[in-house]
Amino acid sequence: MDVPFVDFSEQYQIIKDEIEPGLNKVFEAGNFILGQEEKDFEASFAKYCDAKYAVGVNSGTDALYLALAALDIKEGDEVILPPYTFIATALCISYGGAKPVFVDIEPDTYNLDPKKLKQAITSKTKAIIPVHIYGQAANMQEICAIAKEHKLKVIEDAAQAHGARYQGRRVGSLGDVACFSFYPTKALGAFGDGGMIVTSDETIYKNSLMLRDYGREGRYEHKIKGYNSRLDTVQAVILSAKLKRLDQWNQMRAGMADVYRQELAAVADIVTPVLKSDRTHVYQTYAIRTKNRDHVVDALKEKRIGVLIHYPIPLHLQQAYQELGHKTGDFPVSEQVASEILSLPMFPHITKEQVQYVCDSLKMIVSSKVGV
Ligand SMILES: *Cc1c(COP(=O)(O)O)cnc(C)c1O
C-alpha cells in the first residue's frame, strides 16, 4: 500500500465546482489584487479567529515580518522565540535588524516553555513569538502573564494551527497579533503562497494595512516606507471555499490522530503527541518520537510510507544563525526532540486503512529494530 505524506486531491474535488465560477468571475472582472473577494475573505477569517481584523499578505513569513514592523520592532530590539520551529519565525526578526533570543521548549508539547522565559528577558526585549507547533497552542496563559508583567508584545505564530482552540478561544485571538500561513500544505492552504495578519488592535491593523501596500494611505500618498505584500484575489476565492470546511477537515484529522494514538500509545519506544486538556489540536502535523529515528524513517520509506522530519536541526544550530554563537547543549530539550522526532502521513482524507498500515508497519519496524 502507498501512503503519501499528504494528498489534497480529494479536497480539490470537493471544492472544485464551487471555486470554478468564483475564479471565472475574478478572471473576467480583472480585480486580481485586493479585490472584493479578498476583503470578504479577510472579514470571514477574522470572524473565524474571534478577532476584529485580518490583513491578507503574501506569505506566513511576510505576515510575521510585517506584524513585527507594525509593532515598530527594529534594530537594537530583542524578540524571544523557541529554537524548535520553522526558520521563518526567526528570519522575520532578523529582516528588521532585531535579535532573535531563543528559549527552550516543553518536553511534552514541544512549545515554548514559560518556565524558562523570564531568564531570557532583558531591557531590550520587546516581544515574544510563541509558535503553536504542529497545531496545538502554546501555554498562552502563562506566556501572556509574563509578557504583561514585562510590558512585552505577544505575536502568535499560528502558521500551523488554523482553527485550534485554547481554553475555548481560537488561536489568532490570544496575543496582540497573530500570523497565519496559507502555504499549500498547511491546514488551510492556498494554491500558491499566502498569509494573514490577525489582530483586534486598531493601531496594529492600520499599520499592517499600510505596510503591506507601499505604506500608502491614499492612492499616491505614502506615510511610511511600506512593502508590496498582498493576498491575491484568486487565492482568496480558494481559501474562502476551504475555510467553510476547515472545522470539519480538522475534525477528520483529529479522528485519524485518535487511530494513531490507539494503535501506537502502548508501543515501547514510540511517544505519541500529548494533548493538553484545555486545548484542541488540529494535527497539521502528526509527529511522534522514537529513539532509533533514522532507521525507522528508512524502513518506513521502504514500505512506501511518506515521512518527513519537522525539524531535524534546531535554529540555534543552523549555519544561518551561527553569528549568535550558540553550541550543542544550549537548548537540550529542542536538541533531544529534534533527534527523535518524525512526522507520519496526515491529511483530512487519509483513510483508516492507510493509518492502520502505517501503524502495523511501525510496530514491526520498532520490534525488530537493528543497530540500536
Ligand atoms: C509555514 C510556517 C511559516 C512560514 O509560512 P510561509 O507561508 O511558508 O512563509 C512560519 N512559521 C511556521 C511555524 C510555519 O510552519
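Remember, it's 1-based here, ligands and their atoms both numbered in the order they're listed. These numbers were taken from a predicted model, which means no experiment stands behind them. Count residues from 1 along the sequence.
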Open item on the list: Contact between Val154 and Met140 at the side-chain level, heavy atoms closer than 4.5 Å - yes or no?
Closed with: yes
Mind listing the N or O contacts between ligand 1 and protein, cut-off under 3.5 Å?
unit_1   : atom_1 : unit_2 : atom_2 : d
ligand 1 : 5 (O)  : Ser181 : OG     : 3.3
ligand 1 : 7 (O)  : Gly60  : N      : 2.7
ligand 1 : 7 (O)  : Ser181 : OG     : 2.6
ligand 1 : 9 (O)  : Gly60  : N      : 3.4
ligand 1 : 9 (O)  : Thr61  : N      : 2.8
ligand 1 : 9 (O)  : Thr61  : OG1    : 2.5
ligand 1 : 11 (N) : Asp157 : OD1    : 3.3
ligand 1 : 11 (N) : Asp157 : OD2    : 2.8
ligand 1 : 15 (O) : Gln160 : NE2    : 2.9
ligand 1 : 15 (O) : Lys186 : NZ     : 2.6

Task: Aromatic centroids of Tyr227 and Tyr65 separated by under 6.0 Å - done: yes
Task: Name of the residue among Gln322, Lys327, Glu335 meeting side chain to side chain donor-acceptor pair (under 3.5 Å) with His316 - done: Glu335
TODO: Report yes or no: do Tyr48 and Arg170 form a side-chain donor-acceptor pair below 3.5 Å?
DONE: yes
- [ ] Before accepting this row, confirm whether a basic side-chain N of the pair Glu263/Lys363 lies closer than 4.0 Å to the acidic partner's carboxylate O.
- [x] yes
Task: Qualifying salt bridge (charged side-chain N to carboxylate O under 4.0 Å, His left out) pairs with a residue from residues 76-89, counting only residues at least two apart or across chains - done: Asp77-Lys126
